[in-house]
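Presented below is the structure to which this report refers.
The figures that follow rest on heavy atoms only: side chains count, while hydrogens, waters and symmetry mates do not. By convention here, the first residue in the shown sequence is residue 1.
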Amino acid sequence: MSQSCRLPQGGRVRRGVPVNFTFNGKAYAGFEGDTLASALLANGVHFVARSFKYHRPRGILTAGVEEPNALVQLESGPYTIPNARATEVELYDGLRATSVNAKPDIEHDRMAIMQRFARFIPAGFYYKTFMWPRSWWGKYEERIRDAAGLGSVPEALDPDRYEKRYAHCDVLVVGAGPAGLAAACAAARAGARVMLTDNGAEAGGSLLAADEIIDGRPALDWVAERMAELSALPDVRILMRTTAFGYQDHNLVTACERLHDHLPIRQRAGTRERIWKIRARHVVLATGAHERPLVFGNNDIPGIMLAGAVSTYLHRYAVLPGRRAVVFTNNDSAYQCAIGLKRQGVDVTVVDPRVMSDGSLPREAAQSGIRVIHQAVVAEAHGGKHVAGVRLRGLGAKLPDGVESLPCDLLAMSGGWNPVVHLYAQSRGKPRWCGERACFVPDAPAQPQGSAGAANGDFSLQAALDGGVRAGLAAVQGIASARTVEAPAWSARPVQASPLLPLWSVGKDRQASRGPKQFIDYQNDVSVSDILLAVREGYHSVEHVKRYTAMGFGTDQGKLGNINGMAVLAEALNQSIPETGTTTYRPNYTPVSFGALAGRELGDHFDPIRKTCLHDWNVEQGALFEDVGNWKRAHYYPKPGEDMHAAVRRECLAVRNAVGILDYSTLGKIDVRGPDAAEFLNRLYVNSWTKLQPGRCRYGLLLDENGMVMDDGVSIRLADDHFLLTTTTSGAARIMSWMERWLQTEWPDLKVYLTSVTDQYAVATIAGPHARKVLRAVCRDIDFDNEAFPFMSFKEGTIGGVFARVLRVSFSGELSYEIYMPANSGRAVVEQLMRAGEPYGITPYGTETMHVLRGEKGFIIVGQDTDGSVSPVDLGMGGMIAKTKDCLGKRSLMRSDTRSAGRKQFVGLLAEDPACVLPEGGQILQGPTQAAIAPMFGHVTSSYMSPILGRSIALALLKGGQERMGQTVTVATADGRFMPARVCSPVFYDPEGTRQNVE
């Protein structure tokens with residue numbers, strides 16, 4: 001397991017800690033501090049992957065998060081991770097990795113034959129090819145996805161734990177390179193609360209890839225000093241291995257911290273990843289820059305790498321990727337790579353398209369004896385599973401003799417640098433094109449934020465240090481606790497740079513279309529010819545071209561190729577790059593695991609479980625529960641030997657003939673106060689609230705902007721400026737936020753205050769002919785006579801010394817009272833009610849019984865008997881709509897469609913067979929039919945067996961239902977049967993309403 005390409009000394013790996021791992025089933029060795037990519041290169045492994053569409057051999061291209069090729073499947077079973085970037089996987093003992101998108105393996109990939117058909121499968125070919133027959137569409141999709149897929153998702157349950165945390169700070173610095181460290185130190189010295197995040201395991205950024213000097217000493221010594229300084233400060237938090245992947249409004253930055261992926265599996269314990277939601281007064285983006293590839297023929301062969309990546313592997317990992325190298329560059333930075341290679345004894349040739357380059361680094365390269373070929377480009381690379389040589393072409397001048405072809409085993413390229421403006425753009429900033437540096441740079445910030453260093457287009461070390469200090473001090477402006485400090489001054493070696501020569505593609509239209517592939521997007525196999533084809537097909541918007549070609553898709557998200565692609569598109573359209581524009585920079589900057597996003601909200605913790613204060617009492621009564629929204633509600637209370645139907649029958653008859661008690665605490669409750677409270681409710685509800693007197697109740701309907709019923713409830717007026725509203729259980733939070741939205745954004749002039757009090761009150765419903773007797777026994781300070789306590793009113797009193805607000809309302813059609821009491825006293829009051837009701841056979845009843853009782857009376861349940869397309873008129877409640885005022889949704893009721901004939905209307909259905917319960921959701925037809933497609937006239941919304949009526953009943957929405965009373969319709973069942981039913985009034989029991997007013 002010899003590391004044949006490892007330098008004998010240097011680097012930052014810990015040579016005393018060897019690490020064994022396997023790749024594609026073969027054993028290798030590396031050192032602690034390696035990445036999987038650096039360890040593979042140290043072992044001479046360049047060919048690590050197959051491309052997405054053409055299955056071409058691909059190698060390691062970069063050294064960071066922008067890696068498009070070296071995607072691997074890590075581990076297996078429950079710990080497997082698909083599409084991990086080898087450049088970011090920290091090496092640990094026992095690591096197992098395999099290549100993706102290759103069957104049976106990358107050496108013998110069956111789909112490699114696709115390379116021979118590349119000219120027949122350009123961008124968008126599947127849109128035109130796999131059209132017929134239609135019945136094969138599913139098979140086409142399956143085969144295409146299988147051929148072009150990447151990693152495999154884990155099939156076993158994830159055993160790891162994930163967390164979410166919130167943090168607040170004065171200054172958040174993203175990036176711990178030279179600019180980020182300078183900014184963090186400047187802000188921290190001024191007394192600000194600082195958070196510093198960095199994607200890597202080690203601070204330093206670009207300083208880890210070069211032998212730089214700061215203040216006359218090695219730059220990495222400066223890094224160590226700055227990290228020690230920050231770590232010693234109590235108001236500074238440093239998060240390494242943390243990727244800031246999203247920048248939202250109000251300076252909210254989301255980041256993912258990886259806590260133990262760098263450890264062997266057997267040593268992992270506790271939380272694997274943590275999502276941070278960081279709210280900062282000011283954000284400093286020091287996210288660096290990504291080096292651009294150059295676009296030429298066969299620029300994807302293994303052994304072709306970015307020059308900056310080669311420097312990283314040389315200096316940070318002591319890995320020599322090749323012995324005979326060509327460095328192809330249009331800027332000075334790649335000369336650093338050439339110099340580093342030369343120092344290791346590599347035969348280096350630099351190919352530079354510029355006429356001359358008189359910067360500091362080119363001069364140093366010339367002094368080192370490095371051959372430089374000016375006014376030349378690499379037109380094409382040669383090789384199969386590793387680069388073997390390049391063919392050059394003159395650019396504005398004739399090539400020197402004997403250099404048309406150069407043999408090499410390493411091609412390092414640099415097309416310039418793209419500032420990482422992803423987070424800046426996500427913050428709603430608009431990058432601007434800088435022609436001098438040929439890249440997009442941040443412009444004016446849209447939030448309290450600044451950019452520094454390479455992220456701001458300042459690519460020299462001195463500019464990064466100075467820009468970081470300025471950004472850090474600017475970030476503390478306006479912070480009351482900040483103190484004035486002297487700006488730190490750190491100095492780097494002066495560097496003179498020659499201007500960059502923009503070079504977007506070495507081949508023109510004809511060459512790009514007919515010569516070897518020139519890849520723009522490595523991960524998605526998008527070439528120059530694909531972009532030119534898109535233009536010929538009529539796609540001129542950069543967003544359209546992106547979708548047609550897949551440029552910038554996948555885990556890469558355009559970090560490497562999008563600027564080149566936009567430039568090629570601009571040339572094809574004969575317009576400038578700023579005119580062409582950029583694609584949208586969307587979160588996530590790098591992939592984030594589903595586990596991290598989910599956190600601990602899994603299984604039983606997926607949604608909060610809410611229990612009423614009477615939950616334990618319900619359990620003791622033998623209740624079985626159902627989920628209603630987030631609440632656990634008592635569904636029914638079976639006695640020994642009873643199934644649900646028997647229990648519900650018993651509970652229904654108890655309410656109709658004696659008395660029952662219901663835990664109604666989940667009802668949504670909103671306290672509304674203020675001098676404009678009545679006006680506010682008038683604007684929301686269809687009926688008027690102005691004349692409602694304190695002490696009275698009113699049933700109200702809420703409509704959405706389309707005039708459709710969205711919620712209902714009984715509400716009470718406590719005082720002229722004080723109301724208590726009720727909503728459906730599942731609609732409480734939604735209606736509360738909806739009301740707040742209107743109050744805060746549309747009617748801020750109204751003096752109204754809303755408070756959710758759903759949890760503050762326990763509610764018990766006492767219903768049945770003996771309900772009054774039960775309440776009289778426990779509440780002697782309220783007169784319950786009909787005249788003193790009429791229907792739709794409320795009284796306040798005490799039950800066992802506990803305050804109680806008693807409403808006389810009914811959702812069952814029986815004499816009924818709803819008792820509101822403080823939640824902490826709810827159980828004590830209910831137990832008194834149970835004792836008082838024992839002589840009358842008081843029976844707890846659940847939601848299923850409540851549904852049957854209300855169904856017998858034809859009372860609606862919003863969300864069951866409505867579906868977002870039902871108006872009050874459709875429900876037969878048009879009379880509730882006040883004629884003397886406006887409200888939300890009222891004008892929509894005047895639309896032609898809303899008033900048209902044939903709308904679905906609320907009706908009752910009686911099955912021809914009284915013992916047959918119509919299926920809820922069953923479609924209503926005119927009659928039995930065997931036709932494949934039959935017209936549907938409505939559907940069953942609620943259906944029950946009514947114990948008091950001794951037969952089945954159903955509620956439905958039926959087209960023209962009011963005109964079809966007495967007619968027979970057919971309800972289709974899922975098993976193919978047809979059930980005849982008669983259309984009737986939705987009120988099946990006590991249509992006169994006498995039972996709710998019984999003496």
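With a 4.5 Å cut-off on side-chain heavy atoms, Ser942 and Arg854 count as touching. Counting only heavy atoms from C-beta outward, the side chains of Phe723 and Leu725 approach each other to under 4.5 Å. The closest side-chain heavy-atom distance from Ser665 to Leu667 is not below 4.5 Å. With contacts defined as side-chain heavy-atom distances shorter than 4.5 Å, the pair Tyr944/Val648 does not qualify.
No side-chain donor-acceptor contact under 3.5 Å links Ser892 and Asn706. Side-chain N/O atoms of Ser871 and Arg903 include no donor and acceptor closer than 3.5 Å. Checking Arg650 against Tyr636 by side-chain atom types alone, no donor-acceptor pair falls below 3.5 Å.
If you take CH2 on Trp689 and CZ on Arg698, they are separated by 7.0 Å, rounding to the nearest 0.5 Å. Asp712 contributes atom CG, which lies 11.0 Å from atom CG of Leu703 (distance to the nearest 0.5 angstrom). Atom OG of residue Ser756 and atom CE of residue Met739 lie 11.0 Å apart, to the nearest 0.5 angstrom. Rounding to the nearest 0.5 Å places OG1 of Thr729 at 8.5 Å from CH2 of Trp631. Here CG of Leu853 is found 4.5 Å from SG of Cys652. Values are rounded to the nearest 0.5 Å. Considering CG of Leu775 and CG of Leu833, their distance stands at 6.5 Å, rounded to 0.5 Å.
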Indicate every side-chain donor-acceptor pair of residues 950-959 with a distance under 3.5 Å to a residue at least two apart or in another chain.
residue : atom : partner : partner atom : Å
Arg951  : NH2  : Ala911  : O            : 2.7
Ser952  : OG   : Pro914  : O            : 3.3
Ser952  : OG   : Cys916  : O            : 2.7

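Listed for the Glu651 side chain is a donor-acceptor partner under 3.5 Å among the backbone atoms of Tyr637. Gln693 places a side-chain N or O within donor-acceptor distance of the main-chain N or O of Lys691, the cut-off being under 3.5 Å. The closest donor-acceptor contact from the side chain of Thr726 to the backbone of Leu724 lies at 3.5 Å or more, if one exists at all. In terms of modelled atom types and a separation under 3.5 Å, the side chain of Arg633 and the main chain of Thr847 share no donor-acceptor contact. With hydrogens and angles disregarded, a donor-acceptor distance shorter than 3.5 Å links the side chain of Arg279 to the backbone of His250. Using modelled atom types, no side-chain atom of Asn997 and backbone atom of Phe791 make a donor-acceptor pair closer than 3.5 Å. Distance alone, capped at 3.5 Å, places no donor-acceptor pair between the Asp676 side chain and the Phe680 backbone. No donor-acceptor pair closer than 3.5 Å links the side chain of Lys773 to the backbone N or O of Pro769. Side chain of Arg717 to main chain of Ala678: no donor-acceptor pair is present (N/O by atom type, distance under 3.5 Å, no hydrogens or angles). Between the side chain of Thr745 and the backbone N or O of Arg741, at least one donor-acceptor pair lies under 3.5 Å.
A salt bridge links Arg891 with Asp886; the closest basic N to acidic carboxylate O contact falls under 4.0 Å. Checked for salt-bridge contact, Asp783 and Lys795 miss the test: no charged N lies under 4.0 Å from a carboxylate O. With respect to the salt-bridge test (charged N to carboxylate O, under 4.0 angstrom), the residues Asp785 and Arg776 qualify. Contact check on Glu856 versus Arg995 returns no salt bridge, with no Lys/Arg side-chain nitrogen under 4.0 Å from an Asp/Glu carboxylate oxygen.
Of all heavy-atom pairs between Pro872 and Val709, the closest is N-CG2, 3.9 Å. Nearest heavy-atom pair across Leu692 and Cys697 is CD1-O, 3.8 Å. Contact record, Thr727 with Ala732: OG1-CA, 3.2 Å, taken as the closest heavy-atom pair. In plain terms, the two heavy atoms of Ser943 and Val917 that are nearest each other are OG-CG1, 3.2 Å. The two atoms that bring Ala647 and Pro638 nearest to each other are CB-CA, 3.8 Å, heavy atoms only. Nearest heavy atom pair, residue Lys885 against residue Cys887, reads NZ-CB, 3.5 Å.
With respect to Lys632, the side-chain hydrogen bond (donor to acceptor under 3.5 Å, both in side chains) criterion is satisfied by exactly one of Asn618, Thr666, Asp627: Asp627.
In this structure, Phe784 and Tyr817 have perpendicular ring planes: the angle between them is above 60°, well past the 30° mark. Between Tyr761 and Tyr820, the ring planes are perpendicular. Angles over 60° get that label, and only those under 30° would be called parallel.
Open room surrounds NZ on Lys611; 12 or fewer heavy atoms of other groups in view lie less than 6.0 Å from it. Within a 6.0 Å sphere centred on NE2 of His722, other residues, nucleotides and ligands contribute more than 12 heavy atoms. When the shell of 6.0 Å around CD of Glu912 is examined, it contains 12 or fewer heavy atoms from other residues, nucleotides or ligands. Counting non-hydrogen atoms of neighbouring residues, nucleotides and ligands closer than 6.0 angstrom, the CZ atom of Arg899 reaches no more than 12 such neighbours.
Remark: Arg964 is positioned above the aromatic ring of Phe937, its terminal NZ or CZ atom under 6.0 angstrom from the ring centre and at most 45 degrees off the axis. For the pair Arg683 and Trp742, the cation-pi test (distance below 6.0 Å, angle within 45°) is failed.
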Problem set entry | Val714 vs Phe811, side chain to side chain contact (heavy atoms under 4.5 Å, CB included): CA-CA, chis, key distance, verdict | CA-CA 10 Å; Val714 172; Phe811 196 45; over 6 Å; no
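Every residue two or more places apart in sequence or in another chain that forms a side-chain hydrogen bond (donor to acceptor under 3.5 Å, both in side chains) with Asp867 is listed here: Ser869.
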